[in-house]
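Below is one structure, written out as structure tokens, with a few remarks after it.
Small disclaimer: the values here were computed from a predicted structure and weren't measured. Note that ligands are numbered from 1 as they come in the structure, with each ligand's atoms numbered from 1 the same way. Scope of the values below: all heavy atoms of this structure, side chains included, with no hydrogens, waters or symmetry mates.
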Amino acid sequence: MNVEAIKNYFSSYRQTPLQQVTDDIFLQKKINLFIKRDDLIDEHLSGNKFFKLKYNLIEAAENNYSTLLSFGGAYSNHIYSLAYAGKIFGFKAVGVIRGEEHLPLNPTLSFAKECGMEFYYLSRSEYRKKYSEEILSGLEKTFGDFYLIPEGGSNFLAVRGCSEIPKRIEANYDYIFCACGTGGTIAGIIDGSDEISKVIGVADLKNASFLKEDIYKLSQTKKSNWEILLDYHFGGYAKFSSELLSFIKSFEEKFNIPLEPIYTGKMLFAIYDLTKKNFFPENSTIVAYHSGGLQGLKGLRERKIWS
Ligand SMILES: *Cc1c(COP(=O)(O)O)cnc(C)c1O
């Protein structure tokens with residue numbers, strides 16, 4: 001594996017725009033909102049997954065691993081990105097998928113398969129024990145030695161990658177928002193933040209109070225300029241209401257910024273709602289981190305949840 005090629009790829013990252021959103025509510029409340037468009041980094045390896053994979057891929061290549069293995073649901077943005085990274089950098093990628101195989105493959109997994117990813121399905125109960133000795137040794141028997149990346153890609157190297165996000169934002173701001181699944185991204189943003197600004201995460205899972213501890217553990221700097229909002233999950237992971245869907249549609253129509261309902265849609269909804277409730281002092285500047293994930297819309301379209 002060519003370590004230099006991987007390093008070059010990640011250092012030739014394209015600077016993405018910071019796009020202002022001038023909706024009436026923000027003018028009225030004197031709030032400046034910008035979206036950091038990291039969804040535009042690349043079509044297939046974009047958003048936070050670009051930063052989460054960066055040091056993991058370098059680490060795997062430096063240690064001469066030829067196989068990458070990770071875990072995720074059948075619509076996972078992480079699995080999708082990992083498959084693509086495997087293809088462009090010449091690793092074999094294995095996706096351990098929660099639940100049974102469904103054929104034909106959904107758009108996420110069929111893209112992953114085209115990239116050469118191999119799948120291994122675990123029942124939901126096995127999946128809960130995915131890091132157990134028993135499951136991992138079974139995976140080793142099947143695939144040989146591999147570089148393991150945890151579910152969602154969240155480990156210390158992912159956090160290190162995400163700590164590079166804030167310094168690529170060319171503006172001063174009071175708040176930076178991001179969507180939270182496992183918390184790796186926000187932990188990195190906290191580590192890379194200056195302590196004048198506040199980092200706010202919007203949790204996509206229901207009952208996600210455990211996230212606070214996970215983020216605290218993942219973060220290397222143990223700063224305290226952050227907060228997690230637990231009440232904008234819309235029923236939980238991959239759950240959404242028609243109100244959320246129509247919000248996302250109208251946002252895209254007005255500003256030409258696509259969102260999806262699992263992560264970035266909930267984050268923007270939270271920012272609008274908090275603005276209405278006067279959460280932000282007048283003249284605050286907010287940056288919302290667009291973490292990508294737009295590939296997921298294809299699966300929603302196929303299931304007629306999205307048009
Ligand atoms: C994976 C993902 C997240 C969640 O990131 P974590 O590091 O797991 O918190 C947020 N937004 C998008 C678009 C994602 O794909």
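One side chain, H78 or S70, offers a donor N or O that lies under 3.5 Å from an acceptor on the other.
Sorted by first and then second residue, the side-chain hydrogen bond (donor to acceptor under 3.5 Å, both in side chains) pairs involving residues 169-192 (not counting sequence neighbours) are Q15-E170, N48-T185, S154-T182, D191-S219, D191-T221. The ring-ring contact (aromatic ring centres under 6.0 Å, His included) analysis of residues 205-234, with sequence neighbours excluded, yields the pairs F234-F269.
For S291, the side chain to side chain donor-acceptor pair (under 3.5 Å) criterion is met by no residue, not counting sequence neighbours.
Sorted by chain and number, the residues within 4.0 Å of ligand 1 by heavy atom are N48, K49, K52, N77, S154, A179, C180, G181, T182, G183, G184, T185, Y263, S291, G292, G293.
Remark: aromatic rings of Y75 and Y80 are distant, center separation not under 6.0 Å.
Note on R168 versus E164: salt bridge recorded, some NZ/NE/NH1/NH2 to OD/OE distance being below 4.0 Å.
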